[in-house]
Amino acid sequence: MPELPEVETIRRNLADKVTERVIKEVDLLLPRLIKWPSPGEFQAILTGKRITKLGRRGKYLLFYLEDDFVLVVHLRMTGRLYFIQAGVERDKYTRILFTFDNRDTLQYADTRTLGTLYLMKESELWRISGLQHMGPEPLTAEFTEAYFSDRLKKRQGKIKPLLLDQTLVSGLGNIYADESLALAGIHPEKSAAQLTGKECKALYAAVNQVIAEGIADGGTSFRDYRDGNGQRGEHQKHLRVYGRHNEPCCVCGTPISKIVVAGRGTHYCSRCQIK
DNA sequence: AGGTACTCCTGAAGGC
DNA sequence: TGCCTTCAGGAGTACC
């Protein structure tokens, strides 16, 4: 599942290939993925537009266009974005196809079709509530230890689902949430309010570290994720707990446990991560 | 308001 | 082998 490191890897792959390119044609093979505006308007506005910049906010990719428009893409579970040169066959699951002036294409592929695309003026991005209410990003000046600890202190619920709450900190999904808790040595079901100052500090550092490691490795290809060139990431080789059910903990050798927390598969070491 | 449950979706995997 | 059920999970929504 694409989380911040995967989306950032895709952004870096695609940036040089798509900036300054003009979209000549838009094929909507599955129009219902377009959430705003209508599919017809989406197609009409995009056609002939030049891409000026490729940005990212949390797990959203932002294609800035001329005339102050922005094409927003959220990959959700199985979305993929590929740049494919003219003449090369497209992905079996391509749902939206953007063709550039020399027939090169940008393809939005998605097996489970849960992804979402939007097109609007930059001044109207507030319409996307996920963007509007998004919390600070790891590895930025806005994401401070004081902010993080303050927010955690006020919450009674389990820490794991809080790490998935994009209004608290943006970009973490199930993989990096489990990895952050493992690195910090915190049980996923521990109440956030009961974390000690030392634990808050360790978790803050861990969130930044696992996100930085994920980006450095070009993302985690656990199942569906591929980068903008269709390549797998490397970070699945360095995971501490995610997807390692029954395999030995890399610190103490205890078999990794898998439980369900707030409806999400959750991996942790029962010896290193105490409640 | 914070917390929980349900919904969307389809291929892979597991049970019998 | 084949049919059926379950699972994967981001995020919007409904509801208490």
Looking at [X], I'd like to know whether one of its side-chain N or O atoms comes within less than 4.0 Å of OP1 or OP2 on [N].
X: A/Lys258; N: C/dA8; result: yes
X: A/His74; N: C/dG10; result: no
X: A/Tyr242; N: C/dG9; result: yes
X: A/Lys158; N: B/dT4; result: no
X: A/Gln166; N: C/dG10; result: no

Atom-to-atom span, [atom1] of [X] to [atom2] of [N] - whole angstrom:
X: A/Ile159; N: B/dG3; atom1: CD1; atom2: C1'; answer: 15 Å
X: A/Ile175; N: C/dG10; atom1: CD1; atom2: C1'; answer: 12 Å
X: A/Leu29; N: B/dC9; atom1: CG; atom2: C1'; answer: 17 Å
X: A/Tyr225; N: C/dG9; atom1: OH; atom2: C1'; answer: 18 Å
X: A/Ile128; N: C/dG10; atom1: CD1; atom2: C1'; answer: 15 Å
X: A/His267; N: C/dG9; atom1: NE2; atom2: P; answer: 7 Å
X: A/Tyr176; N: C/dG9; atom1: OH; atom2: C1'; answer: 15 Å
X: A/Lys160; N: C/dG10; atom1: NZ; atom2: P; answer: 8 Å

With a cut-off of under 6.0 Å to the ring centre and 45° to the axis, is A/Lys121 in cation-pi contact with A/Phe69?
yes
Both conditions, 6.0 Å and 45 degrees, for the charged tip of A/Arg95 above the ring of A/Tyr108: are they met here?
no
Between the base of C/dA8 and the side chain of A/Arg264, is one N or O donor paired with an acceptor at under 3.5 angstrom?
no
Ignoring the backbone of [X], work out which of [options] is nearest its side chain.
X: A/Arg76; options: C/dA11, C/dG9, B/dC9; result: C/dA11
X: A/Tyr93; options: B/dG3, B/dG11, C/dG12; result: B/dG11
X: A/Thr113; options: B/dC9, C/dG12, C/dG10; result: B/dC9
X: A/Gln156; options: B/dT10, C/dG10, B/dG3; result: B/dG3

Please figure out whether A/Tyr60 or A/Met77 has its closest DNA chain C nucleotide nearer the 5' end.
A/Met77
In this structure, would A/Leu65 and A/Leu62 fall into the same cluster of hydrophobic residues linked by side-chain contacts under 4.5 Å?
no
Verdict with supporting geometry, A/Tyr204 and A/Phe143, ring pair (Phe, Tyr, Trp, His ring centres under 6.0 Å)
CA-CA 9 Å; A/Tyr204 170 77; A/Phe143 184 59; 5.0 Å; yes
Heavy atoms only, 4.0 Å cut-off, all strands: where does A/Gly263 land among base, sugar-phosphate and nothing?
nothing
Base, sugar-phosphate, or nothing: which does A/Arg32 touch, judged by heavy atoms less than 4.0 Å apart?
sugar-phosphate
Is there a donor-acceptor contact under 3.5 Å linking the side chains of A/Thr94 and A/Gln107?
yes
Under 3.5 Å, is there a donor-acceptor pair linking the side chains of A/Ser191 and A/Arg155?
no
